[in-house]
Amino acid sequence: MENIAQAYRRFYQALLPVFGEREARASARALFEDAFGIEHAARQDGIFSAQQQQILEDYCRRMLIKDEPLAYLTGVAHFCGLKIHIDSRALIPRPETEEWVHQIIGELRQFSKQLTPGKADSDYPRLLEIGTGSACISLALAHHLPGAKVFSTDISDEALELGKKNTILHGISIQFLKSDFLNPLERYTLPEFDVLISNPPYIDPEEAPSLEARVRDFEPHKALFAPHGDALAFYRAAAEFLLERKEPMTQARSEAEWPEALPLAYLECSALRAQEAAQLMRDAGFDSAIRHDMAGHERLLIVYKKSS
C-alpha cells in the first residue's frame, strides 16, 4: 500500500506531460488539500487508504481523459484568502481576477482614509457586482471591507443559489438580486450604488473552438460568452447604466464626501477588446484607464467621472 507522498508523486507524474510542471504541481497540491485535507502531501509518510486511492484514480482519469476542471471535481476554489464552494453553476475563479480584486480592496481602503477626519475607516462606498456567479468577488470585498454594503446580481437562479450558499458558509452578509443587466427595464430596478464591479461575459462565441476543453465543455456558457455579434454588449450596457445613474451618484458622493478620484466602475475585459471597451466609455462621456494583469495582458477597465 502506498503512503501519501508516493501517491502524491504518482499523481503529479501522471499530470506532468499534459499540464506542465507548474500546473501539475499546483493541481496535485490543491487536490490533496481540498479532496483529502492533506497539506504538504509530498512530505507525508502516512498511509494512503484504498478508498483515497480510488478517488485519486477517478480524478486523475477525469482530468486527463475528459479534461474536467479540478475545482469542479473537488468542489473547492480559493479566492482572496477564502475557500469558495464551486460547481458547474458558476465560473471557476481565475488568478487574474483575484489579482484585480486585491487591488480594488487596497484602493477602497485608501479612499476611505481620505474621508473627513472623524469618519470611521470602515465606512466604505456601496458596491454593486453584476454577474456574481459563485459570489467570490462580492465575498472577498465584503470580507476584506467589512463596513461595505455589497449588492450582488446575476441572471441565473442557479448561480444565485450557489452565491447564497457561500455567504452562509462564511457568515457574510450580501444582498442578492436576480437581474438581466442587458435588459434596460431590469437595470432600472437595481439599487443605488457608488462603485460598479463586474467580471462579465466577454468572450465572442466565435472564439469557442479556440478555448480549452475544460473551459468550453464544463463552465457555464452564459457566464463565458457575450451575445452573438456583440462582444461589447455588457460594456455598452454598463455605459448606459452609469449615464442613467450619473446624477444621483454624483449627489450621493458629494453628501458622503467621497473623493472625486473614486472610480465609477471596475470591469474585467478581454485583452482582445480592452481598447475598444475603453473607447466606448470615453465616447459615452467618461474617462477610462486599462490595467495589465500579471501576464502582461490588458485585463481591467476602470471608468471614472470625466475630469473637468
Side-chain angles (χ1 to χ4, degrees), residues 15 18-20 22-31 33-34 63 67-107 127 129-144 152 154 156 159 162-163 166 170 196-205 207-208 210-226 231 234-235 238 265-274 277 290-302:
L15 297 185
V18 177
F19 292 92
R22 183 176 178 179
E23 188 173 355
R25 195 174 303 280
S27 296
R29 182 180 65 251
L31 186 144
E33 289 180 1
D34 296 332
M63 289 178 68
D67 204 16
E68 286 192 50
L70 175 61
Y72 286 165
L73 295 176
T74 63
V76 175
H78 298 270
F79 191 84
C80 293
L82 298 174
K83 184 179 285 190
I84 305 294
H85 179 76
I86 192 71
D87 58 36
S88 59
R89 289 175 287 183
L91 295 182
I92 297 168
R94 270 42 174 198
E96 54 268 29
T97 302
E98 182 178 38
E99 180 186 14
W100 64 254
V101 171
H102 274 303
Q103 292 175 11
I104 293 175
I105 291 166
E107 288 175 10
L127 310 176
E129 185 195 4
I130 305 298
T132 190
S134 65
C136 63
I137 293 175
S138 286
L139 281 163
L141 294 170
H143 175 75
H144 292 287
S152 203
D154 205 288
S156 165
L162 178 61
N166 276 314
H170 289 284
L196 182 69
I197 297 167
S198 185
N199 175 17
Y202 55 69
I203 301 174
D204 190 323
E207 297 169 25
S210 67
L211 298 178
E212 293 178 324
R214 77 187 77 164
V215 175
R216 182 187 62 243
D217 296 345
F218 293 95
E219 299 199 61
H221 284 196
K222 274 186 179 180
L224 284 171
F225 297 111
F234 177 86
Y235 305 93
Y266 294 90
L267 310 173
E268 185 166 332
C269 55
S270 165
L272 297 174
R273 296 178 185 85
I290 295 171
R291 287 186 189 160
H292 294 72
D293 63 19
M294 63 187 82
H297 300 132
E298 294 181 323
R299 179 65 55 192
L300 182 64
L301 172 63
I302 309 177

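All values reported here derive from a predicted model rather than from experimental measurement. Below, all heavy atoms of this structure are taken into account, side chains as well, without hydrogens, waters or symmetry copies.
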Visitor: Hey, could you give me the CG/CD distance between Leu300 and Glu96, rounded to the nearest 0.5 Å?
Guide: 11.5 Å

Visitor: I'd like to check the ring-ring contact (aromatic ring centres under 6.0 Å, His included) partners of Phe234; sequence neighbours left out, ordered by chain and number.
Guide: Phe181

Visitor: Taking salt bridge (Lys or Arg N to Asp or Glu O under 4.0 Å) as the cut-off, I'd like each qualifying pair that reaches into residues 76-85, sequence neighbours left out, listed once.
Guide: none

Visitor: If I compare all heavy atoms of Gly163 with all of Ala135, which pair ends up nearest, and what's the gap?
Guide: CA-CB, 3.7 Å

Visitor: My understanding is that only residues two or more places apart in sequence, or in another chain, count here; which of them pass salt bridge (charged side-chain N to carboxylate O under 4.0 Å, His left out) with Arg29?
Guide: none

Visitor: Asp293 pairs by side chain to side chain contact (heavy atoms under 4.5 Å, CB included) with which of Glu298, Arg299, Glu268?
Guide: Arg299

Visitor: Taking the side chain as everything from C-beta on, heavy atoms only, tell me whether Pro220 gets closer than 4.5 Å to Leu91.
Guide: yes

Visitor: Indicate whether any N or O donor in one side chain lies under 3.5 Å from an N or O acceptor in the other, for Glu107 and Tyr266.
Guide: yes

Visitor: Closest approach of Asp154 and Gly133, non-hydrogen atoms and distance?
Guide: OD2-N, 3.0 Å

Visitor: Step by step, work out the side-chain contact (heavy atoms from CB on, under 4.5 Å) result for Tyr202 and Leu272.
Guide: CA-CA 10 Å; Tyr202 55 69; Leu272 297 174; over 6 Å; no

Visitor: When rounded to the nearest 0.5 angstrom, what distance separates SG in Cys136 from CZ in Arg94?
Guide: 10.0 Å

Visitor: Would you give the length of the straight line joining atom OG of Ser27 to atom CG of Leu73, rounded to the nearest 0.5 angstrom?
Guide: 10.0 Å

Visitor: How close do Phe225 and Pro205 get, heavy atom to heavy atom, and via which atoms?
Guide: CD2-CA, 3.7 Å

Visitor: Can you check whether Pro93 reaches Ile86 side chain to side chain, under 4.5 Å on heavy atoms?
Guide: yes

Visitor: Any pair with a residue in residues 68-78 that passes side-chain hydrogen bond (donor to acceptor under 3.5 Å, both in side chains), sequence neighbours left out, goes on the list, sorted by first then second residue, please.
Guide: Asp34-His78, Arg62-Glu68

Visitor: Donor-acceptor pair, distance only, cut-off 3.5 Å: does the side chain of Glu219 make one with the backbone of Leu224?
Guide: no

Visitor: Test side-chain contact (heavy atoms from CB on, under 4.5 Å) on Phe218 and Ile92 and set out the steps.
Guide: CA-CA 10 Å; Phe218 293 95; Ile92 297 168; over 6 Å; no

Visitor: So do the side chains of Trp100 and Ile197 get within less than 4.5 Å of each other, counting heavy atoms only?
Guide: yes

Visitor: At their closest point, which heavy atom of Ala159 faces which heavy atom of Ser156, and how far apart are they?
Guide: N-OG, 3.0 Å

Visitor: Can you list everything that forms a salt bridge (charged side-chain N to carboxylate O under 4.0 Å, His left out) with Asp217? Sequence neighbours excluded, please.
Guide: none

Visitor: How close do Leu196 and Ala238 get, counting heavy atoms only, and between which atoms?
Guide: CD2-CB, 4.3 Å

Visitor: Who are the ring-ring contact (aromatic ring centres under 6.0 Å, His included) partners of His292, not counting sequence neighbours?
Guide: none

Visitor: Just to verify, which of Val101, Leu141, Leu139 counts as forming a side chain to side chain contact (heavy atoms under 4.5 Å, CB included) with Cys80?
Guide: Val101

Visitor: Of all heavy-atom pairs between Phe79 and Ile84, which one has the smallest distance, and what is that distance?
Guide: CB-CG1, 4.1 Å

Visitor: Which value, rounded to the nearest 0.5 Å, describes the distance between Leu162 atom CG and His85 atom NE2?
Guide: 6.0 Å

